[in-house]
K.L.:
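Got a structure for you, questions after.
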Amino acid sequence: MKISGAEAIIHCLIAEGVDLLYGYPGGAIMPVYDELYKFQDKLTHILTRHEQGATHAAQGYARVTGKVGVAMATSGPGATNLVTGIADAQIDSTPMVCITGQVPRHLLGSDAFQETDIIGISTPVTKWNYQVTKASEIPEILAKAFYIARSGRPGPVLVDITKNAQFEEIEFSYEPCNLVRSYDPVPKPDMSAIDAAATLINNAKKPFIVFGQGVILGEAEEQLKALIEKAGIPAAWTILGLSALDSDHPLNVGMVGMHGNYGPNVLTNECDLLIAIGMRFDDRVTGSLDTYAKQAKVIHFEIDPAEINKNVMSDIAVLGNSKETLELILPKINKNSHEEWHNEFKKKHKIEEEQIINPQLNPTKPGLTMGEVMKEINIASENKAVIVSDVGQHQMFACRYAKFKQTKSNVTSGGLGTMGFALPAAIGAKMGAMEREVVAIIGDGGYQMTIQELGVIFQHNIPVKIVVLNNEHLGMVRQWQELFFDRRYASTIMTNPDFVKIAEGYHIKANRVSERKDLKGAIEEMMASKDPYFLEVRVEQEDNVFPMIPSGASVSDVRLK
């Protein structure tokens, strides 16, 4: 039986196990939406209020499920509005397939209405992209798109489909893709490298592990835990690695990076062996590369060969999926404890606890702190919620003070730092994990970048909990202006609308808190709600997030105030 290219797209999605996608219709993608209408019993389409919201929702869904997120848009501005989310997914290794409509093949290059070269625009920020100009290409290209998006180091793929290809008819058949010539998504582990790495680990006096999202993407959480427990190695995480290891694990020493914990940052430059697992040595983690861990041997467990020696030179590179490589090295690791080395972390943690953590979580000043809000959310959720944070001060407070007992619980924009990420991402996260509580932690600045996605929550009654930490500033920029620009608050003070009334306008239950005595009860009420809930918390306007490594400084140069 012959079917149209548009219908073939739907059958391809169903064959790939897609049951949920996000998007926004328009002229060049309308034939596909017409077919979607006919398959509503098999495919749920969520109409976001902006195409960027579709990509972030697809990201949130992918991050909590491990599946490929799907977003769809029309040509021209519809396609270009996807680009921020695509770039975000690329740098954070999120599997996503974006499908865009395009003007008919005979109009390509003619500056037709709503024509843009989305292939050229998206090439730098996609793992792969392709323009389909005839219907016969659709099954093979979409199969390839899903395979590339999910395999190896995941990432976003864009398939642009001309309108004529959507109307043309083909004899449909679908074969899932599991091989692309010249594409080797998972390098085969080198046993000599694993043996050499095991020798270094067994001989180290002060070994230190820094793990990233590669552990979560590789489903290597149990292997990581087994390694650190057997070898007795303190382990710290990047913000995208957060939740791979239980927050209360005795060998979990906290977060590295610009606003990471004091001990892990300072002691990076005192360890004799640095073991990086599924992380890419981002500049926010390393600070100045000239001074980063120069005294240490470096072992890098990594799936992507392009990351080896890109920023930090490795003495030993262990290529492959982290689950497989950690399983291979575990039998070769000697039992150890490294108690004296652990005590160094405990000493540094005590300093941070006294100077920063306790004042933040148990403040004596009148104004509410972001840290104490996170503490109450931890208590009310029993550390079981998915926390979706936006970008800014609140993001760092959320990552520092949220507590987790389950992997895939921290969803945030890491590498790109996209304000506006959290609200649509929380929608996708909740729809991907309806059995879990999903709490969006958002600043008043980022919230207003995608505030229109409240319409999606209202229309579909998605029981997301939204917490806006309102300090009436672009908080992170303001902090830098305070510390490095002599308090010249250029364009960071915000005059905000009534957020509660806006939420109520979308028929979402809403509340506002500005005093400590009301905080605990308000959060308990929010967490107990079975419906969407919005909570605005008015926090200290000039409450800074510390520790802090100034941009370009050494990880040893941590500021505690």
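Only heavy atoms go into these numbers, but all of them, side chains included; no hydrogens, no water, no symmetry mates. In this text, all values refer to a predicted model and were calculated from it rather than measured experimentally.
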K.L.:
Centroid-to-centroid, H259 to F546, below 6.0 Å?
P.N.:
no
K.L.:
So does R436 have more than 12 non-hydrogen atoms from other groups sitting under 6.0 Å from CZ?
P.N.:
yes
K.L.:
With a cut-off of 3.5 Å and sequence neighbours excluded, list every side-chain donor-acceptor pair involving residues 91-99.
P.N.:
residue, atom, partner, partner atom, Å
D92, OD1, G415, N, 2.8
D92, OD2, G414, N, 2.8
S93, OG, R153, NE, 2.9

K.L.:
Could you go through residues 454-464 and list every donor-acceptor pair under 3.5 Å that involves a side-chain atom there, pairing it with any protein atom two or more places apart or in another chain?
P.N.:
residue, atom, partner, partner atom, Å
Q459, OE1, R49, NH1, 3.3
Q459, OE1, R49, NH2, 2.8

K.L.:
Hey, are E16 and K67 close enough for a salt bridge, meaning a charged N less than 4.0 Å from a carboxylate O?
P.N.:
no
K.L.:
Tell me the closest heavy-atom pair linking F172 and C12, and the distance in Å.
P.N.:
CE1-SG, 3.8 Å
K.L.:
Donor-acceptor pair, distance only, cut-off 3.5 Å: does the side chain of Q102 make one with the backbone of A28?
P.N.:
no
K.L.:
Do other residues, nucleotides or ligands put more than 12 heavy atoms under 6.0 Å from the CD atom of E219?
P.N.:
no
K.L.:
What is the minimum heavy-atom distance between V215 and I277, and which atoms define it?
P.N.:
CG2-CG2, 3.7 Å
K.L.:
So, using side chain to side chain contact (heavy atoms under 4.5 Å, CB included) as the criterion, who are the partners of M494 when residues are at least two apart?
P.N.:
D444, Q448, L474, N496
K.L.:
Would you check if the side chain of Q395 reaches a backbone N or O of S413 as a donor-acceptor pair within less than 3.5 Å?
P.N.:
yes
K.L.:
Check for a donor-acceptor pair, side chain of T55 on one end and backbone N or O of Q52 on the other, with a separation under 3.5 Å.
P.N.:
yes
K.L.:
List the residues meeting side chain to side chain donor-acceptor pair (under 3.5 Å) with T133, not counting sequence neighbours, and say none if there are none.
P.N.:
none
K.L.:
Pair S243, S409 - check side chain to side chain donor-acceptor pair (under 3.5 Å), show working.
P.N.:
CA-CA 6 Å; S243 83; S409 294; 4.7 Å; no
K.L.:
Please name all residues satisfying side chain to side chain contact (heavy atoms under 4.5 Å, CB included) with N383, sequence neighbours left out, ordered by chain then number.
P.N.:
N378, K403, K405
K.L.:
Which pairs with one or both residues in residues 50-83 pass ring-ring contact (aromatic ring centres under 6.0 Å, His included), sequence neighbours excluded?
P.N.:
H56-F421
K.L.:
Kindly state each residue pair satisfying salt bridge (charged side-chain N to carboxylate O under 4.0 Å, His left out) with at least one member in residues 24-39, sequence neighbours excluded.
P.N.:
D34-K38, E35-K38
K.L.:
What do the steps show when you test N470 against E536 for side chain to side chain donor-acceptor pair (under 3.5 Å), and what is the final call?
P.N.:
CA-CA 7 Å; N470 184 5; E536 176 189 354; 2.8 Å; yes
K.L.:
Does the E372 side chain pair with the main chain of T369, one donor and one acceptor, at a distance under 3.5 Å?
P.N.:
yes
K.L.:
Going by the side chain to side chain donor-acceptor pair (under 3.5 Å) test, which pairs reach into residues 77-86, not counting sequence neighbours?
P.N.:
E51-N81
K.L.:
With P156, which of L82, V68, I86 fulfils side chain to side chain contact (heavy atoms under 4.5 Å, CB included)?
P.N.:
I86
K.L.:
Thinking salt bridges, do D498 and R512 make one under a 4.0 Å N-O criterion?
P.N.:
yes
K.L.:
Suppose we screen for salt bridge (Lys or Arg N to Asp or Glu O under 4.0 Å). Which residues come up paired with K465, at least two apart in sequence or across chains?
P.N.:
E437
K.L.:
Return the OH to OG1 distance between Y22 and T44, rounded to the nearest 0.5 Å.
P.N.:
9.5 Å
K.L.:
Show your reasoning for whether side chain to side chain donor-acceptor pair (under 3.5 Å) applies to D88 and Q59.
P.N.:
CA-CA 9 Å; D88 195 288; Q59 286 177 273; 2.8 Å; yes
K.L.:
Aromatic contact between Y37 and H45, with the criterion being ring centroids under 6.0 Å apart: yes or no?
P.N.:
no
K.L.:
Could you check whether any side-chain N or O of Q479 sits under 3.5 Å from a backbone N or O of M476, counting only pairs where one atom can act as donor and the other as acceptor?
P.N.:
no
K.L.:
K144 side chain to C177 main-chain N or O, any donor-acceptor pair under 3.5 Å?
P.N.:
no
K.L.:
Counting distance only, does the side-chain N/O of T238 pair as donor-acceptor with the main-chain N or O of G241 below 3.5 Å?
P.N.:
yes
K.L.:
What residues, two or more places apart in sequence or in another chain, satisfy side chain to side chain donor-acceptor pair (under 3.5 Å) together with K310?
P.N.:
E307
K.L.:
Test your reading of the model: is there a side-chain donor-acceptor pair from T162 to the backbone of V132, 3.5 Å cut-off?
P.N.:
yes
K.L.:
Kindly write out the residues that satisfy side chain to side chain contact (heavy atoms under 4.5 Å, CB included) with T123, not counting sequence neighbours, or none if the list is empty.
P.N.:
I119, N129
K.L.:
Does N471 offer a backbone N or O that forms a donor-acceptor pair with the side chain of H473 under 3.5 Å?
P.N.:
yes
K.L.:
Evaluate whether atom CZ of F113 has more than 12 neighbouring non-hydrogen atoms of other residues, nucleotides or ligands under 6.0 angstrom away.
P.N.:
no
K.L.:
Please name all residues satisfying salt bridge (Lys or Arg N to Asp or Glu O under 4.0 Å) with K384, sequence neighbours left out, ordered by chain then number.
P.N.:
E382
K.L.:
Counting N and O atoms only, with roles assigned by atom type, does the side chain of E376 sit under 3.5 Å from a partner on the main chain of I523, one being a donor and the other an acceptor?
P.N.:
no
